[in-house]
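Data block below; observations after.
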Amino acid sequence: MHSTHSPAALEPEWSRYTSPIRELVMLNAILAFLLEIAMLVFVAWWALLLDVPWWVRILIAFAAVGVLVVLWGTFASPRARVRLPVAGVVAVKVVALGAGVLALSGVGSAVAAVVFAVVAAANVAITTFVRSRAA
């Protein structure tokens with residue numbers, strides 16, 4: 001189901017708030033972006049360490065990152081092409097960020113994977129709360 005975006009829907013989340021909440025919402029949005037980039041890096045890193053020929057690792061890295069980018073951009077980004085209910089957006093984020101957690105664990109960084117999972121879960125919870133209040 002495609003939806004058109006109203007001008008209000010394209011405004012950043014923080015535009016609806018005043019200080020100091022505005023700055024906190026902005027920081028959470030920046031953190032969300034950094035988590036998304038980290039997720040992609042972790043998945044690519046994991047793929048590049050697989051025990052297969054180098055060209056297969058590169059193909060897997062590009063394919064995995066590409067699938068995550070399309071999934072996120074289509075369903076989970078603030079300007080997603082397809083508007084899902086809140087539970088659907090959260091599910092997509094859990095799958096995508098969970099891939100980053102599993103990839104980080106797969107490269108041998110279990111503690112970092114747990115930290116990433118906790119920070120990502122808190123960020124998704126805050127973002128979901130902020131967006132649900134704005135709707």
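Below, each value reflects all heavy atoms present in this structure, side chains not excepted, and no hydrogens, waters or symmetry copies.
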Sorted by first residue and then second, give each ring-ring contact (aromatic ring centres under 6.0 Å, His included) pair with at least one member in residues 75-107; sequence neighbours left out. none
Pair listing, ring-ring contact (aromatic ring centres under 6.0 Å, His included) test, anchored in residues 82-113, at least two apart: none
Would you say [Y] ends up clustered with [X] if hydrophobic residues are merged whenever their side chains have heavy atoms under 4.5 Å apart, either directly or through other cluster members?
X: Val118; Y: Phe116; value: no
X: Ile58; Y: Trp55; value: yes
X: Val67; Y: Val82; value: no
X: Phe62; Y: Val56; value: yes

Show me the side-chain donor-acceptor pairs of residues 24-49 shorter than 3.5 Å, one per line, residues at least two apart or across chains.
residue: Asn28; atom: OD1; partner: Asn123; partner atom: ND2; Å: 2.8
residue: Asn28; atom: ND2; partner: Thr127; partner atom: OG1; Å: 2.9
residue: Glu36; atom: OE2; partner: Trp72; partner atom: NE1; Å: 3.4

Set of residues satisfying side-chain contact (heavy atoms from CB on, under 4.5 Å) with respect to Val70, sequence neighbours excluded: Thr74
Could you pull out all residues at least two apart from Pro85 that satisfy side-chain contact (heavy atoms from CB on, under 4.5 Å)? none
Under 3.5 Å donor-acceptor pairs involving side-chain atoms of residues 87-105, not counting sequence neighbours:
none

Hey, is the main chain of Ala80 close enough, under 3.5 Å, to the side chain of Ser77 for a donor-acceptor pair?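 The answer is yes, because a donor-acceptor pair under 3.5 Å joins these two groups.
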